Amino acid sequence: MSSYHLDHLQYLETEAIHVLREVAAEFERPAILFSGGKDSICILRLAEKAFRPSEIPMPFLNVETGHEFPELIQFRDRRAKQLGARLIVRTVDEAFAKGLAAPTPGQISRNQLQIPVLLGAIEEFRFDCCIGGARRDEEKARAKERFFSFRDAFGQWDPKNQRPEIWNLYNARLNQGENMRVFPLSNWTEMDVWEYIQREKLEVPTIYFSHTRECFRRGGQWLPVPTVHTDIIKPDPYAGARPKPNEAVKSLVVRVRTIADMISTGMIESLAESVDDIIAEVAAARVTERGTRADDKASEAAMEDRKKAGYF
Amino acid sequence: MPHSQHPIELLRFNTCGSVDDGKSTLIGRLLYDSKSIMEDQMEALERSADITGGGQINLANLTDGLRAEREQGITIDVAYRYFATPRRKFIVADTPGHVQYTRNMVTGASTANLSIVLVDARQGVIEQSRRHTYIASLLRIPHLVIAVNKMDLVDWSEDRFREIREEFESFLPLLDIKDVKFIPMSALNGDNVVEPSSRTPWYAGPTLLGHLESVHIASDWNLHGFRLPVQWVNRPNNPRDPKLHDFRGVSGQIAGGVVKAGQKIVILPSGHRSTVKEIWTYDGPLQEAFCPQSVTLVLEHDIDISRGDMLIGSENLPGMNADLRARVCWMGQRPLQCGKKYLLKHTTQTVQAVVTCLGNRISMDNFAADPAATELAMNDIGEIRFRAAKPLIFDGYANNRMTGAFILIEQGSHHTLAAGMLLPPTELVKAEYEDFTI
């Protein structure tokens with residue numbers, strides 16, 4: 001019977017495909033959150049495996065802070081087009097204009113502001129389910145997350161009162177206005193994601209590979225120097241995220257390990273030029289992936305608080 | 001190196017035990033000693049140690065991620081952890097000890113290959129130890145480890161270890177667990193967790209990690225009797241591509257057995273027969289596929305098939321009945337009573353079901369069944385008979401964990417109320433299918 005055996009990636013793959021098909025069958029209007037990042041790249045390949053030769057039966061949704069790395073946006077658009085999918089983009093700036101969200105004084109990061117934008121998009125398109133690439137190994141609050149994570153009519157997560165999730169029998173039932181977040185990669189680790197990218201020969205944005213970039217030191221991290229602002233009418237969106245005179249700019253050979261936006265992403269010094277190199281680097285890493293995320297360092301329970309408010 | 005060319009096996013286990021038996025500490029110790037804790041996690045631990053631990057690092061803070069958990073020093077919900085050694089990858093479900101969180105223990109244990117029940121060496125076997133051992137048996141987890149923890153607090157007494165072991169052995173024969181291992185340890189100090197302890201010269205067995213790395217997990221999956229619950233019908237309906245226009249596939253995760261291209265199959269409940277024309281996958285057609293692979297089958301005949309139907313082979317036939325018996329672990333706030341209607345999700349179909357009869361509530365003191373019981377309260381385990389609005393195609397849970405399991409959902413609130421395990425069918429699919437010769 002030894003030939004009827006799945007290795008760990010094949011096991012994680014079949015588990016995720018099963019989850020994706022449950023979503024397609026149980027929900028009326030699901031969407032896939034696709035940022036162009038490595039985890040959502042894997043989600044798209046799994047969706048191809050779940051649904052081909054049919055079209056992937058759900059649109060892609062991305063919430064932009066307005067501070068995105070341009071190479072990520074280009075990659076996102078190109079990949080969605082290759083797959084023949086409908087890509088819906090909603091931005092924090094539009095939400096400001098519509099009054100859905102208001103800028104927080106003194107706060108440069110718009111990470112928090114993605115919450116009302118996401119909830120706005122869910123309402124606009126009446127999505128009853130959003131598929132995300134979050135993994136339990138990323139962060140302590142996520143370690144408690146179900147595959148099918150129930151959100152009430154306010155988009156809130158109640159970690160003390162989650163539905164028991166037994167075997168692979170997912171309870172997808174909702175009442176009007178309620179919403180489900182589904183995480184097919186729940187059981188994947190950062191290493192699994194890279195090994196899957198390697199096995200499937202998936203293209204990832206160039207920013208994951210080492211390149212030379214202007215960076216400055218802040219909060220114990222190397223932050224990228226934002227794109228030059230040339231518009232003389234609009235205010236600089238990166239005001240406050242530019243190096244101060246006492247923060248020396250250095251040209252470094254870096255890459256990203258996890259991507260938020262330009263303001264929240266710490267760069268790591270790395271010579272990894274290929275997926276193989278990255279896998280070797282991750283194997284030897286002594287810091288977690290989200291150790292380079294400024295948004296998680298706000299407090300011990302930063303992620304828990306954001307999730308309760310409706311974050312992915 | 002973890003990245004050798006050998007396929008790496010995945011072992012899923014859960015830890016359970018009573019409050020303060022040291023479950024979270026044990027997982028923290030496994031992660032720490034197997035070098036799976038990163039520097040920033042260590043820094044965060046040190047920070048929280050300064051605040052709450054009087055300077056002592058608390059390994060439990062690695063898994064107790066919610067604020068309320070750290071405040072109360074308990075585990076509320078299942079926390080999943082991941083680590084790897086060169087030999088295996090591990091998914092750990094750290095499941096809560098409080099009685100009111102038994103439902104989370106069932107959640108964490110339902111997908112496990114192995115359960116670790118922690119016992120405080122000072123306390124010995126308590127009701128929670130019995131309950132968790134019973135649940136592990138009820139859920140048919142193939143391997144059990146009894147981790148006799150806090151041995152440092154009983155002076156590493158071999159007599160104490162034996163006493164606890166004998167107490168377990170007095171009731172294990174009443175259960176369905178084949179493989180049980182007893183390991184004396186101190187999770188706090190790391191003895192016999194990853195490194196063998198010099199303080200237990202009387203113990204010749206493996207360390208916990210040694211056991212986790214070597215326990216034989218030959219297929220947990222049922223490979224006898226092909227079952228494919230139809231999850232999604234794949235119809236591209238693509239007018240631009242004539243080849244795709246007529247494509248019609250049946251997608252799902254194989255829940256039992258093996259299927260081969262060219263094989264004859266039966267669709268239940270309709271009883272229609274067909275042949276597998278192709279096992280379609282994104283990576284190209286397969287000659288055969290097996291449980292738990294996710295596939296899309298193209299059949300020879302254009303038959304009406306929809307989600308909730310089951311494709312089966314000719315051997316090891318399932319049961320098909322609307323009147324069924326099952327063991328349930330009740331998780332609802334309001335008790336389970338006769339005559340109540342619920343939604344029942346079994347494989348890929350959800351149907352209404354009414355509980356027609358209830359009894360045999362299990363006592364956790366002696367595992368005796370109380371036939372006079374009239375209701376099941378939260379965390380009770382008992383037996384029910386129910387009638388489903390349409391027949392289920394099923395196997396006994398002991399035979400097949402995928403086709404023998406179901407959940408009950410409350411209508412209206414949609415809370416998940418119960419984990420159910422079907423008893424074996426009293427009769428197999430037959431009668432109308434007499435010409436079922438394949």
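If you're wondering where the values come from, they're calculated on a predicted model, not measured in any experiment. Order of the sequence lines sets the chain letters (A, B, ...), proteins ahead of strands, with each chain counted from 1.
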Q) What residue in A/Asp192, A/Leu174, A/Leu169 has the most heavy-atom pairs under 4.5 Å with chain B? A) A/Leu169
Q. Going by atom types only, do A/Glu145 and B/Tyr80 share a side-chain donor-acceptor pair under 3.5 Å?
A. no
Q: Grab the two heavy atoms, one from A/Glu26 and one from B/Thr350, that are nearest each other, plus how far apart they are.
A: OE2-OG1, 4.4 Å
Q | Straight-line distance of B/Lys89 NZ to A/His8 NE2, nearest 0.5 Å | A | 4.0 Å
Q | Cationic N near anionic O, under 4.0 Å, A/Asp137 to B/Arg81 | A | no
Q. So do the side chains of B/Gln253 and A/Asn168 get within less than 4.5 Å of each other, counting heavy atoms only?
A. yes
Q. Between B/Ile407 and chain A, which part of the residue has a heavy atom less than 4.5 Å away: side chain, backbone, both or neither?
A. both
Q | Contact origin within B/Thr281 toward chain A - heavy atom pairs under 4.5 Å | A | neither
Q | Presence of salt bridge, B/Lys345 and A/Glu22, under 4.0 angstrom | A | yes
Q.
Out of A/Asp7, A/Leu12, A/Thr14, A/Ile17, return the one with the most heavy atom pairs under 4.5 angstrom to chain B.
A. A/Thr14
Q: Grab the two heavy atoms, one from A/Phe51 and one from B/Asn234, that are nearest each other, plus how far apart they are.
A: O-ND2, 3.2 Å
Q. Would you say B/Ser110's side chain and A/Ile166's backbone share a donor-acceptor pair under 3.5 angstrom?
A. no
Q: Check whether any side-chain heavy atom of A/Leu6 sits under 4.5 Å from a side-chain heavy atom of B/Gln293, and report yes or no.
A: yes
Q. At a heavy-atom separation under 4.5 Å, does B/Asn237 approach chain A through its side chain, its backbone, both, or neither?
A. neither
Q.
Looking at every heavy atom in both A/His18 and B/Ser294, which two are closest together, and how far apart are they?
A. N-OG, 4.0 Å
Q: Count the heavy atoms belonging to other residues, nucleotides or ligands that lie under 6.0 Å from CD of A/Glu273, then report whether that count exceeds 12.
A: no
Q: Evaluate whether atom CD of B/Gln287 has more than 12 neighbouring non-hydrogen atoms of other residues, nucleotides or ligands under 6.0 angstrom away.
A: no
Q) Checking heavy atoms, do the side chain of B/Leu343, its backbone, both or neither come under 4.5 Å from chain A? A) side chain
Q) Can you tell me how far the CD1 atom of B/Ile254 sits from the OH atom of A/Tyr4, to the nearest 0.5 Å? A) 10.5 Å
Q. Is chain A contacted by the side chain of B/Ala418, its backbone, both, or neither, given a heavy-atom distance below 4.5 Å?
A. backbone
Q | Nearest non-hydrogen partners of A/Trp167 and B/Gly420, listed with the distance | A | CH2-O, 3.4 Å
Q: Might you point out which heavy atoms bring A/Ala24 and B/Trp232 nearest each other, and give the distance in Å?
A: CB-NE1, 3.6 Å
**Q.** Aromatic B/Tyr282 / basic A/Arg52 pairing, under 6.0 angstrom, 45° off normal
**A.** no
Q | Proximal component of B/Leu139, with respect to chain A [non-hydrogen, under 4.5 Å] | A | side chain
**Q.** Toward chain A, the part of B/Val258 with a non-hydrogen atom under 4.5 Å
**A.** side chain
Q.
Just so I know, are the side chains of B/Tyr82 and A/Met191 near enough to count as touching, which here means a heavy-atom distance under 4.5 Å?
A. no
Q. Would you say the side-chain atoms of A/Arg173 and B/Thr416 include a donor-acceptor pair closer than 3.5 Å?
A. no
Q.
Within the structure provided, determine whether A/Arg163 and B/His414 are in side-chain contact (heavy-atom separation under 4.5 Å).
A. yes
Q | Nearest non-hydrogen partners of A/Asn187 and B/Arg12, listed with the distance | A | ND2-NH1, 3.4 Å
